[in-house]
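So that the names make sense, note that chain A is the first sequence line, chain B the second, and so on, each numbered from 1.
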Amino acid sequence: MQLTQQIYLDNAATTPCDPRVVEAMLPYFTEKFGNAGSRNHRFGWDAEDAIELAREQAAKVIGANAKEVIFTSGSTESNNLAIKGAAEMYARAPKGQSGRGHIVTVAHEHKAVLDPVRRLMREGFEATFITPPADGVITVDHVREALRPDTILVSVMWANNELGTINEVPQIGRLCHDREIILHTDATQWVGKMPTAVETDCIDLLSWSGHKIYGPKGVGGLYVRRRKPRVRLESLVDGGGQERGMRSGTQNVTGIVGFGKACEIALAEMDKDRAHLQPLRDRLERELTSRLEVCQVNGHPTKRLPHISNISFAFVEGESLMMGVRDIACSSGSACTSASLEPSYVLKSLGIGDDLAHSSLRLSFGRWTTAKDVDAAIGLIERAVNHLRSMSPLFDLHKEGVDLSKIVWQSH
Amino acid sequence: MAYSDKVVDHFEKPRNVGSFGTSKEVATRKDIGVGIVGAPECGDVMQLQIRVNDSGVIEDAKFKCFGCGSAIASSSLATEWIKGKKVDEALEIRNTQIVDELSLPPVKIHCSVLAEDSIRSAIEDWKRKSGQAGAATTAVTPAAPTAAH
C-alpha cells in the first residue's frame, strides 16, 4: 500500500483501512442503504443482516457471544458508556448524594477513562488512581491494594497506548469476580493484536475501536457481559432503543460492516501480523540503543505489545527532535507545540523526568510497515539526535561529567 | 507547526556552532565572555561564547543550544549578527529584530528574548572578566550557571 513520502510510524494513533474492509463497506453506502430498524422491507432486513454478521465477527475476536457486543462510535464512547453507565447502575446511593461508591483506575489510563471518572467524582463517587510502577505494568497486587469495601468498579486498560505495556488484566478480572466488582478494560490497543477471551479472562466490560485495527474511524464496540454476572448499564443516549437499549440511534451500518470485517481479518491474521510487527519493533530498538548513547526504551522490556515503541533521547529537546525527524510521522511525549508545556502525563506517571518525557518518541508499526521504512527511520532518528546533540550545551556538560541536576540555572 | 524557511535553514545548517573550550577552560580566559540562559525544565538552554579583542570588537562567537527549532535559529542568527560588531553595538540588538528576521510566531517570541539575553549575559561576563565593568554594575548576574556542591 503506497502512503505519502513521510514514513508512517503512528499506527497506535490510527491505521489505514484495509482494502478488504473498504470493499465490504461499499455496497452499504449505495444499493444496501437501509435502516436496520426498518422491519417491513428488504432494505431494512439487509442492513440488519449485515449488522448481525458484523456482531458475530466482532464477538469472535474477543471471545464473546454476539449478543454481548454493543456498537458505538469508538473507544471513547465505549469507555464513557461502560464507566458512567456501570457507576450509575451500581451506585450505592441515589443521585445528588455523596458516598455513591468507589472506583479504581490508573494514572496512565487514556483521557477517555480518566475524564469520565473525574466527572463521576464530581457527582458523588470516589476514586483511587493507582500510580504505576517504573515499568508501567499494573499487577493484580496494585489493584488489590486499592480496593475498598465500597468499590463498585475497576477500570484498567489492557495495554497502554503510549508505552504498549501490558497489564495483568486476566488476574485482575479473577480478583474482581471474587469480590463481585465490575471490571472494565479499555482494550483499544490490545484487541486485534493479541488473543482475547473475555469469558475466561473474567472481563465484564471491554472497549475497542475500529480504526486501530485497519477498520474505519467512528465505530467501535463495547462488550457487556450477559451471564455470571449479567452486567447492566444505564444508557447515555436515549431514543429508539437500538443496541439493547444501551445506545439508541440509527446504527452506522457501513461503519459497523467495516468494523466487523476488520475484526474478522484481525483474528484470521493475528499470528501473521505479530510475526511481522515484533521483529520491526525489536530491530528499531536494538539499532537505536546500540548506535546512540544515553537513550532508553520506556516501559517494561518484555510485557509489551509487539507494535509500540517508546524511546527517550537524553539531552535533546522534544520539539527540535520532532523537527529533526519530520520525515517520520510519529508521536512525541512533548506537548510543546500545544498551549501546554506539560509533557506526557503517562511518562511522568512512571517517574520519568520532564526532560526525558519531552524528548521521547512513540513509534508504532502496522500491517504495511516495511523493513525498509524502519531502516530509513532508524537512520533519520540517529542523524537528528546526533545533529541536536552536537549543538546541545547539556550534552557537553554530560560529557564533562557534570551532574545536570546539581546545576542552579539562571532563570530568565 | 510550520516553520519559516529561515528557521529551517538555521536549524539544518546552524552557523557558528561550538565553543572556545569547556566551561572550565574558558572560565579563566579574559578575552572570552560566556552567557548561559534558560533552564532544561523550561525546554531551552542557550550558551553563547564571544571572543573580544583589545578594541572591544567581537571577533568570533560560538553557540550551543538545547531548545526548539526557533531557539536554535535565534541563537544561530545572533552569532551571525554580533560577529564583527563592537560590544556596545551588539548590545543594541533587540529581540524584535530577531522575530522579524526569522518570522517567529507569537508563541516563539521567548526564543528571541532568550537570544537577546544570551548576548547581554555574554558581554557582561566579558566585561567583568576583562575589568571593563563600570562601577555602577554592582549586582552582576552570574553569567554562567554554577554547580552547587
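Side-chain contact check for B/C68 versus A/E317: some heavy-atom pair is nearer than 4.5 Å. Counting heavy atoms from C-beta outward, A/L394 and B/P40 have side chains that approach closer than 4.5 Å. Using a 4.5 Å cut-off on side-chain heavy atoms (C-beta onward), B/I72 and A/M323 make no contact.
Counting non-hydrogen atoms of neighbouring residues, nucleotides and ligands closer than 6.0 angstrom, the CG atom of A/D403 exceeds 12 such neighbours. Around the CZ atom of A/R383, the shell of radius 6.0 Å holds no more than 12 heavy atoms that belong to other residues, nucleotides or ligands. Other residues, nucleotides and ligands place more than 12 heavy atoms under 6.0 Å from the CG atom of B/N53.
B/K64 places a side-chain N or O within 3.5 Å of a backbone atom of A/S390 that can act as its donor or acceptor partner.
Of the listed residues (A/S392, A/G353, A/P393), the one with the most heavy-atom contacts under 4.5 Å to chain B is A/P393. Chosen from B/C65, B/S75, B/S23, B/G69, the residue pairing most often with chain A at heavy-atom distances under 4.5 Å is B/C65.
Heavy-atom proximity under 4.5 angstrom to chain A picks out B/E12, B/P14, B/V17, B/T22 from residues 12-22 of chain B.
Only the side chain of A/D396 comes within contact range of chain B, with heavy atoms under 4.5 Å apart. Only the backbone of A/F315 comes within less than 4.5 Å of a heavy atom of chain B; no side-chain atom from C-beta onward does.
With sequence neighbours excluded, no residue forms a ring pair (Phe, Tyr, Trp, His ring centres under 6.0 Å) with A/H142. Partners of A/K217 under the salt bridge (Lys or Arg N to Asp or Glu O under 4.0 Å) rule, at least two apart in sequence or in another chain, do not exist in this structure.
In terms of heavy-atom proximity, B/F11 sits nearest to A/R326 at CE2-NH1, 4.2 Å.
The ring-ring contact (aromatic ring centres under 6.0 Å, His included) contacts involving residues 41-96 of chain B comprise nothing, where partners must be two or more places apart or lie in separate chains.
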